[in-house]
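Before I ask anything, here is the structure I am working with.
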Amino acid sequence: MYPWLKPEYIVAQPNNPWFTWWGGTPYNEYVNAALQEGYSVYITIGNSLLVLRANYTGKPIICVPITVSMIPGSITIINGLLSNNKIIHTPSEPPGTWFVASIELPPGQYNITMLYSWSGPEYLRQLNTTLAYIRVNQYTINLTTEENTTSLVLWNNYYGDVTITAYVNYVVNTTIYMNQIIITGPTCN
């Protein structure tokens with residue numbers, strides 16, 4: 001380490017075999033030296049990225065990317081049916097609330113992706129008809145006939161529930177299939 005240079009944070013990837021410090025010294029030796037000179041592990045991300053912080057005495061924040069698939073176990077179907085691991089809304093069911101899903105997530109940024117399909121009159125594709133809309137906490141996204149996937153980036157400020165509620169519009173002779181809801185993002189303690 002350089003005694004005249006003591007930043008508050010050091011971002012390190014100590015196990016990377018491709019990175020060496022100037023002069024050919026392996027980077028992990030510099031990480032070990034920083035740990036001996038008053039730095040502590042502040043954040044670990046995955047298996048290989050560390051953020052060190054000067055004079056830090058708390059527990060490290062551990063971030064591990066997660067992927068959660070919400071179909072079918074954690075879904076409450078209100079107006080539809082479950083078939084072949086898909087949530088289905090048929091023309092015989094009235095419009096309105098289709099299903100509700102809730103998951104408790106720690107703070108962090110998440111990408112929520114809905115994979116869906118539909119069957120019905122082909123002219124609806126040219127009209128880009130909204131089949132249903134999804135509320136994710138305070139945000140709304142549409143399921144349209146033009147796409148078969150939609151996504152939303154959500155920042156969860158606090159540890160708590162993320163609630164996904166689907167509402168179906170009345171679209172003549174159309175069946176909607178929610179194939180999968182995927183949530184990806186960091187989990188930080």
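All figures in this text were calculated on a predicted structure; none of them were measured in a lab.
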- Item | Any donor-acceptor N/O pair, Ser40 side chain to Tyr56 backbone, under 3.5 Å |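 Confirmed, Ser40 side chain pairs with Tyr56 backbone.
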- Query: Within the side chain of Asn111, is there an N or O that forms a donor-acceptor pair under 3.5 Å with the backbone of Ser151?
  - Reply: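 It does not hold such a pair.
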- Task: Measure the shortest side-chain to side-chain distance between Thr175 and Tyr177 over non-hydrogen atoms and say whether it is less than 4.5 angstrom.
- Result: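 Yes, at least one pair of side-chain atoms sits under 4.5 Å.
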- Query: Distance-only, no hydrogens or angles: does the His89 side chain make a donor-acceptor pair with backbone N or O of Thr174 under 3.5 Å?
  - Reply: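 The answer is no, because no donor-acceptor pair under 3.5 Å joins these two groups.
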- Message: Donor-acceptor check, side chain of Asn142 to backbone of Thr130, threshold 3.5 angstrom: yes or no?
- Response: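 Checking the backbone N and O of Thr130 against the side chain of Asn142, no donor-acceptor pair under 3.5 Å is found.
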- Task: Please test Thr97 against Asn79 for side chain to side chain contact (heavy atoms under 4.5 Å, CB included), starting from the C-alpha separation and ending with a verdict.
- Result: CA-CA 6 Å; Thr97 306; Asn79 188 10; 5.9 Å; no
- Taking the side chain as C-beta and beyond, is there a heavy-atom pair between Val162 and Ile112 under 4.5 Å?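 When only atoms from C-beta onward are counted, Ile112 and Val162 do touch, with a gap below 4.5 Å.
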- Task: For the residue pair Leu127 and Thr145, establish whether any side-chain heavy-atom pair is separated by less than 4.5 Å.
- Result: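 Result no, sub-4.5 Å side-chain heavy-atom pair not found.
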- Item | Nearest-0.5 Å distance that lies between atom CG in Asn137 and atom OG1 in Thr163 |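 So the gap between those two atoms works out to 5.5 Å.
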- Item | Ile164 and Met114: CA distance, side-chain angles, deciding distance, side chain to side chain contact (heavy atoms under 4.5 Å, CB included) verdict | CA-CA 11 Å; Ile164 300 168; Met114 320 269 174; 3.9 Å; yes
- Task: Fit a plane to each ring of Tyr167 and Tyr133, take the angle between them on a 0 to 90° scale, and name the class: parallel (under 30°), tilted (30 to 60°) or perpendicular (over 60°).
- Result: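 Parallel: the ring planes of Tyr167 and Tyr133 meet at under 30°.
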- Task: Decide whether Thr144 and Asn128 meet the rule of one side-chain donor and one side-chain acceptor closer than 3.5 Å.
- Result: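 Yes.
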- Atom pair CD1/CH2 of Ile75 and Trp98 - distance to nearest 0.5 Å: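 The CD1 atom of Ile75 sits 10.0 Å away from the CH2 atom of Trp98.
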- Distance (rounded to the nearest 0.5 Å) between Glu37 CD and Leu52 CG: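 One finds 11.5 Å between CD of Glu37 and CG of Leu52.
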- Task: Find the distance between CD1 (Ile181) and CD1 (Ile134) and round it off to the nearest 0.5 Å.
- Result: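 Reported value, rounded in 0.5 Å steps: 6.5 Å.
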- Please round to the nearest 0.5 Å and tell me the distance separating atom CD of Glu93 and atom OH of Tyr170.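 Glu93 CD to Tyr170 OH: 13.0 Å, rounded to 0.5 Å.
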